[in-house]
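Below is one structure, written out as structure tokens; the observations come after it.
Residue numbering restarts at 1 for every chain, and letters A, B, ... go by the order of the sequence lines. Atoms considered below: every heavy atom in the structure, side chains included; atoms not considered: hydrogens, waters and symmetry mates.
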There are 2 protein chains.
Amino acid sequence: MPPAPEAAISATADEIRVAALEQFARAGYSSTSMRDIAGSVGIKAASLYNHFGSKEAILWDLTLTAFEELLRGRDLAIANLPNNSTPQDRLACLVTSHVAFHAKNSNQALLVNSQLAALSKSHYRKAVAMRAQYEDTMREVIDEGVAKGIFDTTDARVATFAILQMGMAVSGWFRPEGPLTVTDLCTIYVDLAAKMLAPLPLSH
Amino acid sequence: MPPAPEAAISATADEIRVAALEQFARAGYSSTSMRDIAGSVGIKAASLYNHFGSKEAILWDLTLTAFEELLRGRDLAIANLPNNSTPQDRLACLVTSHVAFHAKNSNQALLVNSQLAALSKSHYRKAVAMRAQYEDTMREVIDEGVAKGIFDTTDARVATFAILQMGMAVSGWFRPEGPLTVTDLCTIYVDLAAKMLAPLPLSH
DNA sequence: TGCTCAAACTAACGATCGTTAGTGTAGCAG
DNA sequence: CTGCTACACTAACGATCGTTAGTTTGAGCA
């Protein structure tokens with residue numbers, strides 16, 4: 001009986017993470033079997049239990065890491081803002097880190113955006129809390145801009161969802177070998193978000 | 001004479017459709033068993049095969065219906081446009097039918113947006129073709145507006161994705177018992193889309 | 001060299017999966 | 001009434017699922 005397989009720094013464990021992330025994101029958690037994951041790594045299914053306690057433990061490990069990287073990206077972006085930043089600056093900075101994450105880490109993004117339901121109830125709650133924490137950052141910036149009259153929108157909550165969601169969708173179609181670089185993409189989305197919230201009167 | 005015989009569609013088959021749609025949309029195709037579906041209807045799993053040839057046949061039936069309704073909504077909206085409609089009119093009309101569908105038919109929307117991968121290869125191809133056909137309608141309107149100088153955007157393809165995706169996300173959070181009516185919602189999204197494509201210079 | 005132990009293996013458990021076969025039965029047509 | 005059809009049932013098939021038990025292997029170290 002192997003000892004408690006806690007989060008280990010092991011080359012095999014990392015190969016398992018890579019294979020499982022890829023397959024959970026593309027095929028879905030419940031369509032991916034332990035034998036599928038093991039096959040990608042070149043071992044048998046039973047050997048996975050030397051590294052992770054269960055299939056759900058793999059998903060949770062990946063989910064936690066993905067959220068940590070998402071939140072870390074946000075924190076790094078915020079930390080680089082000047083002291084006298086405007087709401088426009090902060091919006092641009094958040095949209096950039098949001099879109100860049102979803103373009104560069106599409107598997108992690110797909111996992112976080114569509115496989116949470118497969119988590120255990122307690123892990124699911126924690127994941128939803130982390131997602132809410134992330135979304136709140138965007139909402140607060142938008143609310144602040146609206147309060148200062150710098151942004152204008154009929155419904156700030158809906159605008160927040162819209163901006164977050166159009167960025168999340170990037171993970172579904174963006175390919176780094178395509179015509180756009182990640183930097184291009186971020187610029188486009190920053191423009192779109194800024195225009196959505198612009199206080200300009202529409203003529204018609 | 002008795003009533004039209006072909007009008008007598010099996011009530012049980014429709015109950016199966018309702019139950020399967022709900023569960024495929026919420027839990028996912030591969031997490032839903034035939035016994036789950038049968039249980040919701042109040043019959044045994046084997047009896048489902050009196051109405052559908054296979055589990056995938058149920059998914060395909062639901063997918064086809066959902067796409068037909070999505071495309072029919074688009075066609076009805078277009079048919080109601082005046083003859084001298086502008087690109088702004090057409091954009092507003094498409095966004096309205098898009099958002100209204102995703103708000104009113106969230107289960108169908110979730111199915112179409114996240115369960116296509118569970119279809120057989122040939123059904124998947126047909127589904128992707130229908131989705132492309134739908135998306136093209138939006139892209140053409142945007143391209144036309146850009147060509148006429150009425151819309152302005154850095155990348156029309158990305159703007160199309162963004163507008164479509166922010167509307168799709170509605171199926172994930174909108175609740176009819178919430179503070180917004182579907183009409184409110186459509187108005188908000190039409191405004192957001194119009195602003196995203198507005199050719200106005202941003203002041204800052 | 002021999003001991004240790006992480007990490008691979010084989011084999012199998014019980015559960016559940018989609019699906020099929022065969023049976024029972026209620027309602028309608030002739 | 002008789003027979004046919006529609007549609008439910010029970011029972012079970014073989015496949016596959018996540019997981020466990022017990023065994024083998026091979027590298028590092030006393």
Side-chain angles (χ1 to χ4, degrees), chain A residues 1-21 23-24 26-63 115 117-124, chain B residues 1-21 23-24 26-63 115 117-124:
Chain A
M1 191 185 305
E6 294 305 316
I9 310 287
S10 139
T12 306
D14 272 341
E15 286 183 61
I16 294 169
R17 282 190 237 313
V18 170
L21 175 60
Q23 301 190 54
F24 287 168
R26 201 183 41 206
Y29 176 80
S30 61
S31 298
T32 302
S33 72
M34 293 297 264
R35 288 166 178 84
D36 289 336
I37 298 168
S40 296
V41 178
I43 60 178
K44 301 292 177 181
S47 302
L48 295 173
Y49 292 85
N50 288 321
H51 304 277
F52 294 91
S54 69
K55 186 186 179 189
E56 197 266 353
I58 303 178
L59 178 62
W60 177 235
D61 178 286
L62 296 172
T63 303
Q115 301 300 322
L119 289 167
S120 73
K121 204 162 290 185
S122 98
H123 287 159
Y124 177 78
Chain B
M1 292 290 278
E6 63 270 18
I9 305 173
S10 160
T12 304
D14 272 341
E15 286 182 61
I16 293 170
R17 277 184 258 266
V18 170
L21 175 60
Q23 301 190 55
F24 287 167
R26 202 185 41 208
Y29 176 79
S30 61
S31 298
T32 302
S33 71
M34 293 297 266
R35 288 166 178 85
D36 290 335
I37 298 168
S40 297
V41 178
I43 59 179
K44 300 293 176 180
S47 301
L48 294 173
Y49 292 85
N50 288 320
H51 304 277
F52 295 92
S54 68
K55 186 186 178 188
E56 197 264 355
I58 303 178
L59 178 63
W60 176 236
D61 178 286
L62 295 172
T63 302
Q115 301 301 324
L119 289 166
S120 73
K121 203 162 290 186
S122 97
H123 287 159
Y124 178 77

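OP1 or OP2 of C:dC9 has at least one side-chain nitrogen or oxygen of A:S47 nearer than 4.0 Å. OP1 or OP2 of D:dG18 sits under 4.0 Å from a side-chain N or O of A:K55. Proximity of B:H51 to the phosphate of D:dA6: no side-chain N or O atom is located under 4.0 Å from OP1 or OP2.
Here the side chain of A:S54 is nearest to one of C:dG18, C:dT10, D:dT19, namely D:dT19. Here the nucleotide nearest the side chain of B:R35, chosen from D:dC7, C:dG18, D:dT10, is C:dG18. Among the nucleotides C:dA7, D:dG18, C:dT19, the one closest to the side chain of A:S10 is C:dA7. Across C:dT19, D:dC9, C:dA8, the shortest atom-to-atom separation from the side chain of A:I43 is found for C:dA8.
Taking atom CE of B:M34 as the reference point, atom P of D:dC9 lies 14 Å away to the nearest angstrom. Residue A:L48 contributes atom CG, which lies 10 Å from atom P of D:dT19 at whole-angstrom precision. C:dC17 atom C1' lies 11 Å from atom OH of B:Y29, rounded to whole Å. Between the P atom of D:dT10 and the OH atom of B:Y49 lies a distance of 17 Å, rounded to the nearest Å. A:F24 has its CZ atom 9 Å from the P atom of D:dG18, to the nearest Å. Between the NZ atom of A:K44 and the C1' atom of D:dA21 there is a distance of 18 Å, rounded to whole Å.
B:T32 comes within contact range of the sugar-phosphate backbone alone, with a heavy-atom separation under 4.0 Å but no base atom that close.
Going from atom CG of B:L59 over to atom OH of B:Y124 covers 12.5 Å, rounded to the nearest 0.5 Å.
For the pair A:D36 and A:A46, nearest-nucleotide mapping onto DNA chain D gives the more 5' position to A:D36.
A donor and an acceptor atom, one from each side chain of A:S47 and A:N50, are nowhere located under 3.5 Å apart.
Residue A:H51 forms a side-chain contact (heavy atoms from CB on, under 4.5 Å) with just one option from A:T12, A:I58, A:V41, and that option is A:T12.
For B:N50 against D:dA6, no side-chain N or O and base N or O form a donor-acceptor pair under 3.5 Å.
The two residues B:I37 and B:A20 make their nearest non-hydrogen contact at CD1-CB, 4.0 Å.
The shortest distance between side-chain heavy atoms of A:Y29 and A:Q23 does not fall below 4.5 Å.
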